[in-house]
Amino acid sequence: MFNLILFGPPGSGKGTQSEKLISKYGLKHLSTGDLLRSEIAGQTPLGLAAKSFMDKGQLVPDEVVIEMISSALDNNPQAYGFLFDGFPRTTAQAEALDKLLSQKGTSIAVVLALQVGQNELVKRLLNRGLTSGRSDDTKEDVILARLIEYEKKTAAVADHYKKYDKVVYVKGEGSIDEIFDDLSSAIDKRSRA
Ligand code: B4P
């Protein structure tokens with residue numbers, strides 16, 4: 001199996017690049033943001049609980065997202081590999097993911113960390129908010145809260161994987177195709193290693 005994490009702050013291009021990478025590398029896309037939004041659309045109890053956090057720009061509690069990922073892994077036994085998008089977002093989630101993968105006899109091959117400046121992130125998210133229908137993209141205070149959550153709780157996930165020499169930084173500003181080429185080269189190098 002080849003498993004990778006696409007990592008970066010909100011608006012760094014994780015969702016955008018994931019779509020292209022899964023089709024090139026035949027990976028199963030697991031986006032906790034998408035899974036949570038589909039629970040909200042289905043008005044499930046999990047979705048209703050998650051919405052109150054997401055609307056404020058806060059992270060959803062670890063146990064909720066870990067359980068969602070655990071089920072998604074169990075439901076895809078034939079996958080060649082997984083692309084994790086927006087997960088893990090805390091050190092506890094990273095430790096839980098490592099454990100779940102090791103129980104399946106596999107691990108994370110590489111963490112691709114997209115680097116984008118804060119002004120560009122805010123601009124992209126507000127711009128997406130014009131058309132996405134996502135309430136967490138329309139209010140600047142909610143966007144700033146998401147960026148603060150990222151610095152406070154998520155940035156440490158890169159430190160967790162640096163201990164195992166798994167993090168590759170990729171510039172996340174420029175054209176979508178240029179960034180995709182850089183991500184692809186990083187994957188090709190790691191999959192040959
Ligand atoms: P997510 O759905 O993961 O969303 P995101 O981080 O906001 O966006 P992403 O990074 O994927 O967006 P993209 O850059 O592709 O999370 C939403 C919320 O769900 C979180 O705030 C949290 O509450 C909750 N949540 C999710 N996972 C969780 C977890 N594991 N634990 C706890 N809570 C969790 O796109 C942004 C925009 O930039 C797009 O409009 C795109 O077109 C544009 N763009 C992309 N690349 C560009 C480029 N190169 N140049 C210009 N624009 C670009």
Side-chain angles (χ1 to χ4, degrees), residues 5-22 29-41 46-73 82-98 100 111-158 160 170-183:
I5 294 173
L6 196 51
F7 183 76
S12 55
K14 302 184 298 287
T16 305
Q17 296 293 338
S18 291
E19 294 303 328
K20 295 169 74 70
L21 291 170
I22 51 162
H29 184 197
L30 291 184
S31 155
T32 39
D34 289 350
L35 291 169
L36 290 166
R37 281 185 288 277
S38 107
E39 296 281 344
I40 293 173
L46 190 160
L48 295 176
K51 188 173 184 322
S52 63
F53 293 97
M54 291 168 77
D55 282 350
K56 288 188 269 202
Q58 294 169 355
L59 294 183
V60 174
D62 285 338
E63 55 277 18
V64 174
V65 280
I66 291 168
E67 183 53 39
M68 257 178 16
I69 286 289
S70 174
S71 311
L73 291 176
F82 293 95
L83 186 161
F84 297 95
D85 161 9
F87 181 90
R89 262 179 154 98
T90 62
T91 307
Q93 292 180 20
E95 286 165 353
L97 177 63
D98 294 347
L100 286 168
V111 177
L112 299 173
L114 289 166
Q115 294 188 293
V116 178
Q118 173 147 335
N119 290 345
E120 173 71 10
L121 295 173
V122 174
K123 199 172 84 188
R124 286 185 190 178
L125 292 171
L126 284 171
N127 193 35
R128 182 171 67 184
L130 298 174
T131 52
S132 66
R134 278 180 57 171
S135 57
D136 58 345
D137 283 343
T138 47
K139 298 187 192 106
E140 196 158 346
D141 59 331
V142 174
I143 291 175
L144 292 176
R146 286 159 64 194
L147 294 173
I148 290 169
E149 281 281 83
Y150 174 82
E151 286 305 329
K152 233 171 48 188
K153 299 177 180 166
T154 306
V157 170
H160 171 84
V170 174
K171 186 168 163 243
E173 292 186 53
S175 81
I176 288 172
D177 285 340
E178 275 163 8
I179 298 164
F180 177 62
D181 287 345
D182 290 345
L183 291 168

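Order of listing sets the numbers, starting from 1, for every ligand and every atom in it. All values below were derived from every heavy atom in this structure, side-chain atoms included, with hydrogens, water molecules and symmetry-related copies excluded. Residues take their numbers from the sequence shown, with the count starting at 1.
- The closest protein non-hydrogen atom to atom 14 (O) of ligand 1 is Gly13 N, 2.3 Å.
- The ligand atoms of ligand 1 that sit less than 4.0 angstrom from a heavy atom of Ile179 are 49 (N).
- Without hydrogens or angle criteria, Lys171 side chain to Leu114 main chain gives no donor-acceptor distance under 3.5 Å.
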Test Gln93 against Val157 for side chain to side chain contact (heavy atoms under 4.5 Å, CB included), laying out the working first.
CA-CA 9 Å; Gln93 292 180 20; Val157 170; over 6 Å; no
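- Here is the list of ligand 1 atoms found below 4.0 Å of a heavy atom in Leu36: 24 (C), 25 (N), 26 (C), 34 (C).
- The side-chain heavy atoms of Thr32 and Ile69, taken from C-beta on, include a pair separated by under 4.5 Å.
- Each of the atoms 29 (C), 31 (N) of ligand 1 lies under 4.0 Å from some heavy atom of Val65.
- Here Lys14 has heavy atoms under 4.0 Å from ligand 1 in both its backbone and its side chain.
- Applying the 4.0 Å criterion to heavy atoms of Gly174 picks out, from ligand 1, the atoms 48 (C), 49 (N), 50 (N).
- Looking at Glu120 next to ligand 1, no N or O pair under 3.5 Å apart turns up.
- Of all atoms in ligand 1, numbered sequentially from 1 with element shown, those under 4.0 Å from a heavy atom of Arg134 are 2 (O), 4 (O), 7 (O), 17 (C).
- Ranked by closest heavy atom to atom 52 (N) of ligand 1, the top entry among Arg124, Lys171, Glu178 is Arg124.
- Closest protein heavy atom to atom 11 (O) of ligand 1: Gly15 N, 3.0 Å.
- Counting heavy atoms under 4.0 Å from ligand 1, residue Asn127 does not touch it at all.
- Proximity to Phe87 (heavy-atom distance under 4.0 Å) selects the following atoms of ligand 1: 30 (N).
- Nearest-heavy-atom check against atom 9 (P) of ligand 1 across Gly86, Ser31, Pro9, Gly11 picks out Gly11.
- Not a single heavy atom of Gln17 sits closer than 4.0 Å to an atom of ligand 1.
- Annotation: side chain of Arg146 is not in contact with side chain of Leu121 (no heavy-atom distance under 4.5 Å).
- Counting heavy atoms from C-beta on, the side chains of Glu173 and Ile179 never come closer than 4.5 Å.
- When atom types are taken as modelled, the side chain of Thr154 and the backbone of Thr90 share no donor-acceptor pair closer than 3.5 angstrom.
- Using modelled atom types, one side-chain atom of Glu178 and one backbone atom of Ser175 make a donor-acceptor pair closer than 3.5 Å.
- Counting only non-hydrogen atoms, the option in Arg89, Met54, Glu19 that gets closest to atom 1 (P) of ligand 1 is Arg89.
- Taking a cutoff of 4.0 Å between a charged side-chain nitrogen and a carboxylate oxygen, Lys139 and Asp141 do not qualify as a salt bridge.
- There is no side-chain donor-acceptor pair under 3.5 Å between His29 and Asp34.
- For ligand 1, the atoms sitting less than 4.0 Å from at least one non-hydrogen atom of Ser12 are 10 (O), 14 (O), numbered in the order shown with element in parentheses.
- Remark: ligand 1 and Leu125 share no N or O pair separated by less than 3.5 Å (distance only, no angle test).
- Atom numbering of ligand 1 starts at 1 in the shown order; those under 4.0 Å from a heavy atom of Gln93 are 29 (C), 30 (N), 31 (N), 32 (C).
- With respect to atom 7 (O) of ligand 1, the closest heavy atom belonging to the protein is Arg146 NH2, 2.4 Å.
- Here the CG-CZ distance, from Leu97 to Phe84, works out to 4.5 Å after rounding to the nearest 0.5 Å.
- Looking only at distances, a side-chain donor or acceptor of Lys14 sits under 3.5 Å from a matching main-chain atom of Pro9.
- In this structure a side-chain-to-backbone donor-acceptor pair under 3.5 Å is present from Ser132 to Arg128.
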I would like to know whether Asp62 and Arg89 meet salt bridge (Lys or Arg N to Asp or Glu O under 4.0 Å); could you show each step before the answer?
CA-CA 9 Å; Asp62 285 338; Arg89 262 179 154 98; over 6 Å; no
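- A heavy-atom distance below 4.5 Å is found between the side chains of Leu73 and Leu30.
- At a 3.5 angstrom cut-off on N or O pairs, Thr32 counts as close to ligand 1.
- Heavy-atom separations between Gln58 and ligand 1 include at least one value shorter than 4.0 Å.
- Looking from atom 36 (C) of ligand 1 to the surrounding protein, the closest heavy atom is Arg128 NH1, 3.4 Å.
- At a 4.0 Å heavy-atom cut-off, ligand 1 does not touch Glu173 at all.
- Within the 4.0 Å heavy-atom criterion, both parts of Thr16, backbone and side chain, lie near ligand 1.
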